[in-house]
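Predicted, not measured: the structure shown is a model, and the values here were computed from it. Counting starts at 1 for both ligands and their atoms, following the listed order.
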Amino acid sequence: MSQSSAAPAIAHNKPPEILSLIGDTPLVEATQFETGPCRLFLKLENQNPGGSIKDRIALSMIEAAEADGKLEPGGTVIEATAGNTGLGLALVAGAKGYRVLLVIPDKMSQEKISHVRALGAEVRIARSDVTRGHPEYYQDVAARLAEQIPGSFYVNQFGNPANPHAHERTTGPEIWEQMRHDVDAVVVGVGSGGTLTGLGRFFNRVKPRRGIEMVLADPTGSILYEYVKTGQLVKSGSWAVEGIGEDFIPEIADMSLVTEAFEIDDAESFAAARELLRKEGIFGGSSTGTLLAGALRYCREQTKPKRVVTLVPDTGNKYLSKMYNNFWMAEQGFIHRPPHGDLSDLISHRHEAGEVITVGPDDSLLTAFKRMRDSDLSQLPVVDKSGRAIGIIDESDLLVKVHREPSHFNDPVSKAMTDQLETLPPDAKIADLLGVFDRGRVAIVMDDNKFLGLITRTDLLSYLRLHMPKSSTPPEREFV
Ligand SMILES: Cc1ncc(COP(=O)(O)O)c(C=O)c1O
């Protein structure tokens with residue numbers, strides 16, 4: 001083989017170039033919102049390669065550990081998180097050739113676990129129902145693993161000075177340049193406190209004596225808002241916004257930097273994030289909504305014109321099945337449909353609105369099976385051309401037909417479906433539903449001949465949960 005046709009040599013010991021794309025994110029003005037006398041600018045941290053602001057701290061914490069000799073080639077990076085920090089570390093440490101071990105609480109979604117695994121991280125599942133000090137608490141598990149595994153480095157974003165340092169050194173100066181040295185207020189959230197502490201230190205330095213306000217936007221239920229306002233540590237509640245809000249004050253969070261605080265509930269956060277996507281085309285996560293809502297409140301309260309900056313800390317991709325999904329929003333009580341006061345209030349997917357996945361009597365069993373698999377359903381109503389529900393087909397009906405002879409997947413649905421339907425009128429009672437469930441069936445709600453939708457056990461459970469008194473909802477920990 002001649003020299004010229006040889007493949008170019010791969011430069012070893014050099015991490016992939018994607019790491020050089022962390023940071024230097026764009027900043028845009030939000031022009032479609034009512035901002036009182038102020039101008040509001042958004043720093044698009046969702047455009048980092050790993051999709052969040054945490055790429056910055058992952059890079060900074062790994063580089064600091066390398067410089068301090070805490071992490072050497074062949075070493076293992078350990079962290080307790082399933083949040084964006086886990087993704088950032090899996091990306092950065094993985095690209096640099098380290099083994100990455102993440103301890104993840106068992107309540108985290110499969111999507112997040114799949115994402116870090118796809119990046120090459122190893123995952124250990126820990127209990128999410130125990131608190132600090134319990135041996136199976138996820139942070140204690142991570143600390144113990146770090147003691148046991150030779151050559152390992154426990155990142156600990158909550159106490160690692162390289163976390164705020166990343167923002168003091170990169171995020172702050174970028175905002176300062178992009179705003180042409182003209183900033184009056186910065187609105188942030190606190191998870192580990194890295195963003196607040198790093199940006200607060202930087203802006204105090206460039207415009208001393210609190211020349212730039214640091215405004216906290218905190219989810220209702222977190223203890224931080226109350227701490228800023230009163231100095232009291234109250235009992236935490238629960239909230240659904242991800243990545244920000246705490247039930248303790250993290251070691252690296254310098255709360256004395258906060259000059260003003262707003263408390264934003266989940267409903268307002270989700271509505272603001274959804275509006276941001278529709279009005280400005282910016283696809284942020286749930287905490288983007290909290291920060292935007294806090295920034296808008298701050299702006300509208302001002303009497304003088306101010307230049308205000310907030311962040312879009314992560315991408316909306318991870319929230320497609322939650323905050324951006326109308327069924328999830330309705331199930332959680334964030335979107336309200338006008339109540340009818342009858343069983344139709346329990347129908348999560350309405351046939352009339354085209355929300356029910358159905359199958360026709362002449363479709364093949366294979367079609368029915370694929371539809372069930374694709375939408376994660378275990379049964380489908382069989383609806384004829386006139387829109388009448390004439391049967392129901394579930395996994396056992398399919399199995400009975402195909403278990404001996406898989407070619408029966410080509411048979412029509414009408415041959416396998418159950419036509420003994422458990423139909424209920426909309427004015428039936430919950431007790432009637434329980435009877436249907438006891439017989440192992442789902443309820444088909446029919447208004448005379450009109451098929452309205454199905455009610456499953458899960459629909460009833462979601463409905464009852466929504467009607468549970470707020471005061472009896474147990475607090476939940478946040479994992480950043
Ligand atoms: C998703 C998400 N994670 C983390 C953070 C901030 O975290 P930290 O306080 O750890 O810097 C934010 C802040 O806005 C966030 O939205």
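Considering backbone and side-chain atoms together, Gly193 places an N or O closer than 3.5 Å to an N or O of ligand 1. Between Glu242 and ligand 1, no N or O atom pair is found at a separation short of 3.5 Å. Considering backbone and side-chain N/O of Ser287, one or more are found under 3.5 Å from N/O of ligand 1. Residue Gln157 places no N or O, backbone or side chain, under 3.5 Å from any N or O of ligand 1. Of the N or O atoms in Asp314, none lie within a sub-3.5 Å distance of an N or O in ligand 1.
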Next item on the list: Please test Phe270 against Tyr319 for ring pair (Phe, Tyr, Trp, His ring centres under 6.0 Å), starting from the C-alpha separation and ending with a verdict.
Entry: CA-CA 10 Å; Phe270 294 155; Tyr319 307 85; 8.5 Å; no

Note to self: Before you tell me yes or no, could you show the steps for Asn163 and Ser192 under side-chain hydrogen bond (donor to acceptor under 3.5 Å, both in side chains), namely the whole-Å CA-CA distance, both residues' side-chain angles and the distance that decides it to 0.1 Å?
What the structure shows: CA-CA 9 Å; Asn163 170 358; Ser192 69; 2.9 Å; yes

Next item on the list: Determine, stepwise, if the pair Gln332 / Lys322 fulfils side-chain hydrogen bond (donor to acceptor under 3.5 Å, both in side chains).
Entry: CA-CA 9 Å; Gln332 303 289 315; Lys322 292 183 168 179; over 6 Å; no

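The CG atom of Leu196 sits 9.5 Å away from the CZ atom of Arg201 when rounded to the nearest 0.5 Å.
Every atom of ligand 1 with a heavy atom of Val190 under 4.0 Å away is listed here by number and element: 9 (O). The contact set between ligand 1 and Gly194, taken as ligand atoms under 4.0 Å from a residue heavy atom, comprises 8 (P), 9 (O), 11 (O).
Using 4.0 Å as the threshold, Gly285 has no heavy atom nearer than that to any atom of ligand 1. Judged by the shortest distance from any of its heavy atoms, Leu291 lies inside the 4.0 Å radius around the atoms of ligand 1. Note on ligand 1: Asn84 sits in its first shell, one or more heavy atoms being nearer than 4.0 Å. Remark: distances from the non-hydrogen atoms of Ile244 to ligand 1 include one below 4.0 Å.
Counting only distance, with no hydrogens or angles, the side chain of Lys54 and the backbone of Gly86 share no donor-acceptor pair below 3.5 Å. Using a distance-only test at 3.5 Å, with no hydrogens or angles considered, a donor-acceptor pair links the side chain of Asp184 to the main chain of Arg307. Under the 3.5 Å distance criterion, the side-chain polar atoms of Thr197 are matched with a main-chain donor or acceptor of Ile252.
At a heavy-atom cutoff of 4.0 Å, ligand 1 is contacted by the side chain of Lys54 but not by its backbone. Residue Val188 does not touch ligand 1, judged by heavy-atom distances below 4.0 Å.
Evaluated by nearest non-hydrogen atom to atom 6 (C) of ligand 1, the leading choice among Leu199, Thr195, Thr171 is Thr195. The closest heavy-atom contact to atom 10 (O) of ligand 1, among the options Ser52, Ser192, Ala166, comes from Ser192.
A donor and an acceptor atom, one from each side chain of Glu213 and Thr259, are located under 3.5 Å apart. Side-chain polar atoms of Asn84 and Asp314 form a donor-acceptor pair below 3.5 angstrom.
Side chains of Ile104 and Tyr138 form no contact here, defined as non-hydrogen atoms less than 4.5 Å apart.
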